[in-house]
There are 2 protein chains.
Amino acid sequence: MLSSTVENYLKELFLLNPDGETQVATGELAKALSVTPGSATSMIKTLAQAGLVEHRPHYGVKLTNEGRTLAVHVVRRHRIVELFLVNILGMDWSEVHDEAEQLEHVVSDQVISKMDDLLGHPTHDPHGDPIPTPEGTLPVRSLQPLSFCKLGDTVSIARIGNQNTSFLKFAEDNGLLLGATIKVANKNEVADSITIISKGEEVVLGLAAAGRIEVEFA
Amino acid sequence: MLSSTVENYLKELFLLNPDGETQVATGELAKALSVTPGSATSMIKTLAQAGLVEHRPHYGVKLTNEGRTLAVHVVRRHRIVELFLVNILGMDWSEVHDEAEQLEHVVSDQVISKMDDLLGHPTHDPHGDPIPTPEGTLPVRSLQPLSFCKLGDTVSIARIGNQNTSFLKFAEDNGLLLGATIKVANKNEVADSITIISKGEEVVLGLAAAGRIEVEFA
DNA sequence: ACAATCCTTTTGATTAATCAAAAGTTTAAT
DNA sequence: ATTAAACTTTTGATTAATCAAAAGGATTGT
């Protein structure tokens, strides 16, 4: 059985590099997991030993097929739990990420399967992130960051890629919910901001924040 | 925040000595937790340091009020989770104990409270064990072990104090469910067995097993 | 080509939890 | 009252995960 720590390293490697195409830098991984680079190096060596990652010292690290499979399962557990907490237990989507972060390491496959049934085999979690199937397949959508939209574009929100509680509360308060249709009312590269119309109200966002909201054309 | 290990030690001390009247022996605690006596001693010293238990070396150990409060909360989480897994997720009562054993350490109070709402503020878990209130109070019932019943007694099953999966499956298969009314058809102290009639069928149990089934007079 | 800088890796220490086995207490039996 | 048996505690080691800080590569600028 994998420790929670190992599961977190694998999951984070997957999230930082979902396609498995690039190498993830030790420092990037360390930062994502809030550990020192030295800790990351030593865990990477352990994972490489176990055949879960491929490590090219000083260049980076990448999941093996085996590691990727395990990582995807952790992600599946996380996202099903999140949706369950929101849809069945009635929790707020801004709160469930941290809770799921704990639960993902202890819920059994059987519990996940029961939750999945109860939820009606959903394809996306409350933040719009795809839920991997039990076999490890991920539904793919072609989304673009809101920050790439042009003046006048009318789009619908498909994903919020920022799990921060306060940001999610802000999004909720301003009607920036999954499926909401919004229109770009202004965009100012110099001022680093974008203005959108959501439910008749103007909302101004910095481009960095808008980059973490993904949309599709309606 | 308490580690899972600490929570398990506290929980087990509570289960071995719910009234806090006697002292629990180091060896007894060690056995219940499947650790060596030496490990138990060293953890007991840590807990005593933290003010969660009172340790009289060579005599035994006992929860302090603070330790008891924490232990009761762990038990509450465990039992709510168990009932949730059975009533909401549709799992079999014989399977939920081990699952709850993991979940009890990571579910937040908020999740427990939502589960509690959804379950309608239950007082007992699927095995008939009382669920402590959020304030730490335990409902009390006066039950007696089935093994104490006399020939001809008609009683209803109120608690199954054996969490072993195979035993629970056996109980289920023989109609020995909570609330079931049974009658003692035979009792043989020499043969160490008791025979009961459950749903018209005779079921023979050893007295040790019958001792872990608790009943109340109908 | 040579530093300066920026990462990464190594080294040595620490903490929580555990075990095996030695040493120490208590209890019970003769 | 001594000794044996049973239990508890201590000791010394081990493992997983971490950190701080030293040492080692790689990259870039001049």
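Reckoned from all heavy atoms, side chains included, excluding hydrogens, waters and symmetry mates.
- For A:Asp109, the side-chain contact (heavy atoms from CB on, under 4.5 Å) partners at least two apart in sequence or on another chain are A:Arg77.
- With a 4.5 Å cut-off on side-chain heavy atoms, A:Ile131 and A:Thr123 do not count as touching.
- Ring-plane geometry between B:Trp93 and B:His127 is classed as parallel, the angle between the planes falling under 30 degrees on a 0 to 90 degree scale with a further cut at 60.
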Open item on the list: Please determine whether side chain to side chain donor-acceptor pair (under 3.5 Å) holds for the pair B:Asn164 and B:His97, giving the CA-CA distance in whole Å, both sets of side-chain angles, and the decisive distance to 0.1 Å.
Closed with: CA-CA 8 Å; B:Asn164 182 276; B:His97 180 75; over 6 Å; no
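- The shortest distance between side-chain heavy atoms of B:Leu205 and B:Phe170 falls below 4.5 Å.
- Going from atom CG of B:Leu33 over to atom P of D:dT8 covers 14 Å, rounded to whole Å.
- Atom C1' of nucleotide D:dA26 and atom CD of A:Gln23 are separated by 15 Å, given to the nearest angstrom.
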Task: Per-nucleotide protein contact string for nucleotides 9-18 of chain D (B base, S sugar-phosphate only, - none; heavy atom under 4.0 Å) - done: BB------SB
